[in-house]
Amino acid sequence: MYPVLDLLQAIDDLRPHASQEIDEGLRLIMEGDELSASVRERLLSVFNHIERLGIESPMLKIVDTGDTIDAEDLSTSDFDGEPWRLILGKTPIAGRLRARGDETTLLFFSVNGFQQWLINWDPCLYPTGNIPDFAKPVTIRVQGLSQSVGGPLLWVMPPGAPCPSVETISLPESKDVHGLIHTNATRGLRVCTMGYALTWGDLENPEVAPLVKLSSMVLSVCLVQELRCIEGRYEATLKGTKRISMPLYDEDQIVSAKTLKILIEAVLWVYEERPETRLSLVMDRLSIDIEREQSLLSGMENHLEAALYQARDSYAFVILERKDAYHKEVRELMKDMKSHADLYAAKVRELVNSLTRDALGILFFVAFSFIAKFDKNNFEDLLVSAELAFLVKVLSCYLLLSFVLQLAAHWRDVLLADQESKAWLDVLQHYSSQADKQNRFLQPIDKRRRTFYFFLFITGCAYLLLAWATWNLPKLIEPWIG
């Protein structure tokens with residue numbers, strides 16, 4: 001690490017001789033009005049330290065001619081008086097300051113460069129290209145930063161600072177936030193609380209004020225109903241006692257560390273359990289207190305603490321009311337389940353009764369209407385008669401027709417009953433969870449439905465067998481008579 005610190009010091013020594021400095025995320029650009037002996041000495045120091053690190057040399061150009069010069073050219077005065085430009089890639093240098101094995105490491109050579117980068121940073125967009133993904137561990141090393149700050153994933157530290165010991169915190173994941181709030185933009189929006197939350201360090205330090213504001217913006221978005229991006233400007237909507245829309249933040253606003261702490265506390269409480277209910281309670285109070293000309297961050301700073309306090313007090317009463325409504329709805333649900341179960345039981349009984357009735361009817365009809373009227377001498381003639389053949393075929397068709405009509409009626413009745421029950425279940429179920437719906441209604445009814453289909457199959461097989469036996473009745477009886 002020490003060669004890197006020496007390089008950073010060499011950049012600091014060169015800074016007074018630069019007329020312009022652009023400290024970007026992946027490179028540093030420094031420009032000076034003219035080369036001189038003192039400037040060449042400091043540039044040579046930068047080249048020497050980079051050579052010691054074993055990384056690619058920076059690009060040093062003469063602005064007027066576009067010529068690229070190296071360390072050897074700096075040992076002469078051939079280019080003295082010429083304006084110069086130094087372009088230094090940061091990625092290999094930042095890699096030498098890595099604090100965690102799986103992190104993305106950024107490096108800034110000044111606090112001002114870091115703050116300017118934060119001002120242009122949009123934390124609500126999906127990362128693209130070379131932009132770091134703050135949903136994963138990111139460490140930002142800032143030369144000149146007095147103290148380290150950070151959160152679960154984001155660490156902002158001086159170049160020589162050791163790794164901190166970070167407490168775990170259960171902030172909501174992006175999918176949980178997007179499951180609760182609505183986003184509307186031409187580009188994909190993402191709210192990543194874990195990546196921007198600041199939970200340790202001196203957050204009152206003015207050096208990290210833009211970072212505190214950025215973190216507060218992300219956390220405040222977790223407490224709205226809707227987030228829209230219109231022509232690059234964010235607008236948030238609260239739907240509580242009143243519906244109110246406002247800009248997300250003011251350009252020149254400074255957010256205090258106390259506000260950030262309350263935001264983290266509010267987000268943890270809202271997403272701990274029943275987030276829809278808790279968010280509604282917080283928004284009810286905020287929508288009343290926040291004035292329409294305020295930004296969301298200003299409203300949070302002034303009114304979030306009181307809104308969170310009231311929401312916590314109201315939550316217990318709301319849950320009691322919901323429990324009463326829940327038990328009432330469960331009772332209605334159980335009644336519906338019993339009625340539906342009785343329907344399937346009745347269908348099974350009807351199938352069995354119809355099969356028994358038809359079988360006995362065929363037996364008695366054949367026995368009493370025909371067989372009983374013929375003596376043994378004429379029985380063989382009866383078996384081969386056209387009249388009996390016609391009769392058994394009619395009876396066989398009757399059995400098939402009886403089963404088809406029963407199948408159509410029962411099947412249609414069951415399908416309609418299932419559809420109606422599920423429709424009413426979705427309409428009336430405001431307090432019961434999906435698990436209650438599945439465990440207390442759908443699964444028991446599925447068992448009844450499988451029983452009905454099983455008996456329907458058995459009954460169908462019995463009807464087909466009985467129809468076949470009736471159709472072939474003379475042939476089946478003939479061997480016994482002979």
Side-chain angles (χ1 to χ4, degrees), residues 123-124 134-135 147-156 164-181 191-205 208-225 227 236-241 244 246 248-249 253-290 294-319:
C124 296
F134 280 77
Q147 293 183 0
S148 300
V149 298
L153 298 178
L154 174 61
W155 296 355
V156 181
S165 56
V166 181
E167 296 182 2
T168 58
I169 183 171
S170 57
L171 285 165
E173 300 286 344
S174 293
K175 62 179 181 180
D176 299 324
V177 177
H178 285 279
L180 190 60
I181 71 171
V191 183
C192 181
T193 54
M194 290 289 288
Y196 290 92
L198 302 177
T199 57
W200 55 270
D202 182 13
L203 301 178
E204 298 285 357
N205 189 347
V208 296
L211 185 61
V212 171
K213 179 179 179 180
L214 208 66
S215 178
S216 301
M217 286 168 50
V218 175
L219 290 165
S220 63
V221 166
C222 300
L223 302 176
V224 302
Q225 176 71 24
L227 177 67
T237 300
L238 300 178
K239 293 181 180 178
T241 305
I244 181 171
M246 69 213 80
L248 181 56
Y249 62 93
Q253 182 179 358
I254 297 176
V255 182
S256 66
K258 179 183 177 182
T259 300
L260 177 58
K261 181 180 178 181
I262 296 173
L263 277 167
I264 293 176
E265 184 180 352
V267 170
L268 288 173
W269 182 78
V270 166
Y271 286 85
E272 182 180 7
E273 64 175 15
R274 296 184 176 90
E276 298 88 353
T277 302
R278 293 189 173 195
L279 180 60
S280 297
L281 292 174
V282 173
M283 283 196 299
D284 282 345
R285 186 71 256 172
L286 285 176
S287 64
I288 295 174
D289 292 336
I290 294 180
Q294 280 187 308
S295 66
L296 178 65
L297 267 183
S298 297
M300 293 289 185
E301 192 157 22
N302 297 328
H303 307 294
L304 179 59
E305 187 174 9
L308 180 59
Y309 179 81
Q310 177 176 314
R312 281 174 167 166
D313 281 351
S314 304
Y315 181 65
F317 296 101
V318 171
I319 292 303

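What you are looking at is a predicted structure, and each value in this text was computed from that prediction instead of being measured.
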Task: A135 to C192 - nearest heavy-atom pair and separation - done: CA-SG, 3.5 Å

Open item on the list: So does C222 get a backbone contact from the side chain of Y271, meaning a donor-acceptor N/O pair under 3.5 Å?
Closed with: yes

Task: Flag side-chain contact, heavy atom, 4.5 Å: T237 against I244 - done: no

Task: The single option from L238, V270, I181 passing side-chain contact (heavy atoms from CB on, under 4.5 Å) against L223 - done: V270

Open item on the list: Tell me if a side-chain donor or acceptor on R278 pairs with a main-chain N or O of W269 at a distance below 3.5 Å.
Closed with: yes

Task: Contact summary for H178 and V191, nearest pair of heavy atoms - done: NE2-N, 3.0 Å

Open item on the list: Can you tell me how far apart CG (L219) and NZ (K261) are? Round to the nearest 0.5 Å.
Closed with: 14.5 Å

TODO: Calculate, to the nearest 0.5 Å, the distance between atoms NZ and CE belonging to K239 and M283 respectively.
DONE: 8.5 Å

- [ ] Begin from the C-alpha positions of V212 and N205 and carry the test side chain to side chain contact (heavy atoms under 4.5 Å, CB included) through to its verdict.
- [x] CA-CA 10 Å; V212 171; N205 189 347; over 6 Å; no

TODO: Would you give the length of the straight line joining atom CD1 of I169 to atom CG of L153, rounded to the nearest 0.5 angstrom?
DONE: 11.0 Å

- [ ] With rounding to the nearest 0.5 Å, note down the distance linking CG in L214 to OH in Y249.
- [x] 9.0 Å

- [ ] Looking only at non-hydrogen atoms, find the nearest pair between T199 and G151 and report the distance.
- [x] OG1-CA, 3.5 Å

Task: Contact summary for E204 and A257, nearest pair of heavy atoms - done: OE2-CB, 3.5 Å

Task: Distance (rounded to the nearest 0.5 Å) between T259 OG1 and L203 CG - done: 11.5 Å

Open item on the list: Checking the side chain of S215 only, and the main-chain atoms of L211 only, is there a donor and an acceptor separated by less than 3.5 Å?
Closed with: no

Open item on the list: Around atom CD of Q294, are there more than 12 heavy atoms from other residues, nucleotides or ligands closer than 6.0 Å?
Closed with: yes

- [ ] Look at atom CD1 of I254 and say whether more than 12 heavy atoms of other residues, nucleotides or ligands are closer to it than 6.0 Å.
- [x] no

Open item on the list: S295 vs Q253, test: side chain to side chain contact (heavy atoms under 4.5 Å, CB included). Steps then yes/no.
Closed with: CA-CA 10 Å; S295 66; Q253 182 179 358; 3.5 Å; yes

Task: Y196 and F134 aromatic ring geometry - parallel, tilted or perpendicular at 30°/60° bounds - done: parallel

Task: E265 CD to L260 CG distance, which is reported to the nearest 0.5 Å - done: 11.5 Å

Task: Closest approach of P123 to V218 (non-hydrogen atoms, all atoms of both residues) - done: CB-CG2, 3.6 Å

Open item on the list: Could you check whether any side-chain N or O of S220 sits under 3.5 Å from a backbone N or O of M217, counting only pairs where one atom can act as donor and the other as acceptor?
Closed with: yes

Open item on the list: If you apply the rule side chain to side chain contact (heavy atoms under 4.5 Å, CB included), what do you find for L198 with V208, and how did you get there?
Closed with: CA-CA 11 Å; L198 302 177; V208 296; 6.0 Å; no

TODO: Identify which one of L180, V224, D284 satisfies the side-chain contact (heavy atoms from CB on, under 4.5 Å) criterion when paired with L279.
DONE: L180

Open item on the list: Taking the side chain as everything from C-beta on, heavy atoms only, tell me whether M300 gets closer than 4.5 Å to I262.
Closed with: no

Open item on the list: To check you understand the geometry: which heavy-atom pair defines the closest contact between M194 and P152, and what is its length?
Closed with: CE-CB, 3.7 Å

